Amino acid sequence: MKKVLLGVSASISAYKAVEIVRLLKKRGYKVKVLMTEDATKFVSPLTFEVVSEEAVIVDQFKDADNKKVEHIRLAREYDLLLIAPASLDLIGKLSCGIADSFLALIFYAFEKKVLISPAMNSSMYNHPVNQKNIEYLKSIRVDFIEPDSGSLACGEEGIGRLPSPEYIVERVEAELTDKILKDKKILITGGPTREKFDDFRFLSNPSSGKTGLFLAEKARNFGAKVTLISGKTALKRPWGVEYVEIESARDMEREVKKRIKDIDILIMSAAVADFRPEIYKKGKIKKEKIKDTYDLKLVKNPDILKEVSKAKKEGQIFVGFSAQEDLNMDEAKKKLKEKKLDLIVLNKISDKRGGFESDENKVIIISKDEDIEKTRFLSKEEIAEKILKFIYEKWVKKER
Ligand code: CTP
């Protein structure tokens with residue numbers, strides 16, 4: 001179990017730190033909260049104690065176990081120090097050696113990763129003194145989470161908002177993940193394609209794009225350089241990933257072909273439409289012009305994976321998906337050979353649980369030399385991790 005120290009300083013956004021604790025705990029981290037005296041005026045230590053299930057330290061002489069020299073013991077025991085929100089005052093103190101709180105003391109004793117998430121009014125954030133302090137801390141390898149822009153507690157607009165707890169937790173998770181795919185260039189496709197027959201209507205499928213998004217996020221956390229080429233989805237855009245939004249299968253083919261030469265691993269999780277309307281009409285087809293029926297002739301789309309496999313280079317790893325109504329392994333193996341794949345991920349789309357719009361899935365991963373891993377129903381996030389770990393164990397680990 002990885003362990004996170006969370007430092008909370010005086011800011012109206014301190015309430016968001018409660019949610020940070022909750023989300024970290026949900027992901028299985030041990031969390032201990034350290035607060036500055038002024039931070040307790042915004043949120044009570046008791047709130048953090050209940051959510052973290054750990055005693056909160058504010059005052060070294062009242063709260064810390066000094067027989068055990070607690071600031072050193074905690075600095076050695078914990079894996080990461082996150083300070084969120086970090087006030088201008090605290091950042092200033094940390095940049096010039098002042099240790100007038102237990103939180104500041106820990107900062108100087110901590111030898112592992114420190115992540116600071118500032119929150120304040122934009123004039124304060126942009127003040128040259130604050131910027132100089134941040135630059136100095138960056139130069140000694142302290143990492144910063146850039147504040148969001150938007151409406152601030154004081155009623156002004158600008159930079160200085162604490163980012164969402166979800167984003168901050170993702171940054172912590174990325175920091176604490178082993179870099180098993182460090183420097184690998186991975187191209188991932190995800191989501192549905194839209195095949196238009198006029199400017200406002202199209203054929204598509206219900207793919208949510210979640211599998212592609214989770215693959216991209218996990219691969220980024222594993223240290224890979226990731227490009228995600230995705231059809232339009234309702235999902236957030238992942239940070240730290242080159243994101244390319246496309247519409248049609250032919251757009252996707254063009255973007256994949258542009259990049260394929262330079263990548264180490266291709267994972268085609270997109271639900272590419274196999275057909276598109278033969279004729280596309282500009283503007284909107286008016287219904288008055290149609291009697292009872294409108295004939296839509298379909299033509300086959302290019303098979304992107306099959307096309308790019310023709311020029312596959314030695315050492316490249318290609319992964320395909322196979323969405324089937326029943327888990328037919330023979331059909332998947334046939335596809336694996338036809339498309340010159342190294343791995344195929346077989347998933348069932350006819351189940352109520354699992355499939356296109358669901359949050360979970362059950363898959364069979366088959367390698368070209370017939371190593372097989374069957375999963376039970378897992379979240380799409382867990383499935384993404386399984387696929388990437390399979391690739392690491394089978395190929396990447398052996399090269400290193
Ligand atoms: N694929 C592709 N280009 C297409 C269609 C599919 O690159 N025009 C990719 C998909 O992203 C997937 C793999 O090829 O990785 C398998 O898709 P497909 O050939 O459609 O196979 P199945 O999903 O098994 O289904 P079916 O043969 O029934 O279409």
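Values reported hereafter were calculated over all heavy atoms of this structure, with side chains retained and with hydrogens, waters and symmetry mates removed. One-based numbering, in listed order, for ligands and for the atoms of each. What you are looking at is a predicted structure, and each value in this text was computed from that prediction instead of being measured.
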- Query: Is it true that the NZ or CZ of K312 lies under 6.0 Å from the centre of F318's six-membered ring and within 45 degrees of the ring axis?
  - Reply: yes
- Message: Less than 4.0 Å is my threshold; does some heavy atom of A249 fall inside it relative to ligand 1?
- Response: no
- Identify the closest protein heavy atom to atom 9 (C) of ligand 1: which residue and atom is it, and at what distance? K339 NZ, 3.9 Å
- Task: Give a yes or no on whether the backbone of I263 and the side-chain of Q316 come within a donor-acceptor separation of less than 3.5 Å.
- Result: yes
- Note on the structure: With heavy atoms and a 4.0 Å threshold, my read on which part of K306 contacts ligand 1 is neither
- Message: Quick one, F275 and L203 - any side-chain contact, counting heavy atoms below 4.5 Å?
- Response: no
- Query: For ligand 1, is there an atom lying under 4.0 Å from some heavy atom of K300?
  - Reply: no
- Item | side-chain hydrogen bond (donor to acceptor under 3.5 Å, both in side chains) partners of D143, counting only residues at least two apart | K113
- Query: Are any of the N or O atoms of S269 closer than 3.5 Å to those of ligand 1?
  - Reply: no
- Query: Can Q324 and S322 be counted as having a side-chain donor-acceptor contact under 3.5 angstrom?
  - Reply: yes
- Task: Without swapping roles, check the side chain of Y243 against the backbone of P238 for a donor-acceptor pair under 3.5 Å.
- Result: no
- Message: Closer than 4.0 Å to some heavy atom of L305 - which atoms of ligand 1 meet that?
- Response: 2 (C), 7 (O), 13 (C), 14 (O), 15 (O)
- N/O to N/O below 3.5 Å, does that happen between K335 and ligand 1? yes
- Nitrogen or oxygen of S322 less than 3.5 angstrom from that of ligand 1: yes
- With only distance considered, is A273 within less than 3.5 Å of ligand 1 through an N or O on each side? no
- Query: Of the choices G320, A271, A270, which has the non-hydrogen atom that lies closest to atom 10 (C) of ligand 1?
  - Reply: A270
- Tell me: protein heavy atom nearest atom 3 (N) of ligand 1, and distance? I304 N, 3.0 Å
- Note on the structure: In this structure, CD1 of I285 is separated from CD1 of I290 (nearest 0.5 Å) by 6.0 Å
- Specify the protein heavy atom at minimum distance from atom 23 (O) of ligand 1: its residue, its atom name, and the distance to 0.1 Å. A323 N, 3.0 Å
- Message: So for P302, does at least one of its heavy atoms come nearer than 4.0 angstrom to any atom of ligand 1?
- Response: yes
- Item | Protein heavy-atom partner closest to atom 13 (C) of ligand 1 - residue, atom, separation in Å | F321 O, 3.1 Å
- Message: So R171 and W239, do their side chains get closer than 4.5 Å, heavy atoms only?
- Response: yes
- With the side chain counted from C-beta on, respond yes when S149 and E157 share a heavy-atom pair under 4.5 Å apart, and no when they do not. no
- Message: Among D274, V345, V319, V308, which one puts a heavy atom closest to atom 20 (O) of ligand 1?
- Response: D274
- With a 3.5 Å cut-off and no angle check, do the side chains of E173 and N221 form a donor-acceptor pair? no
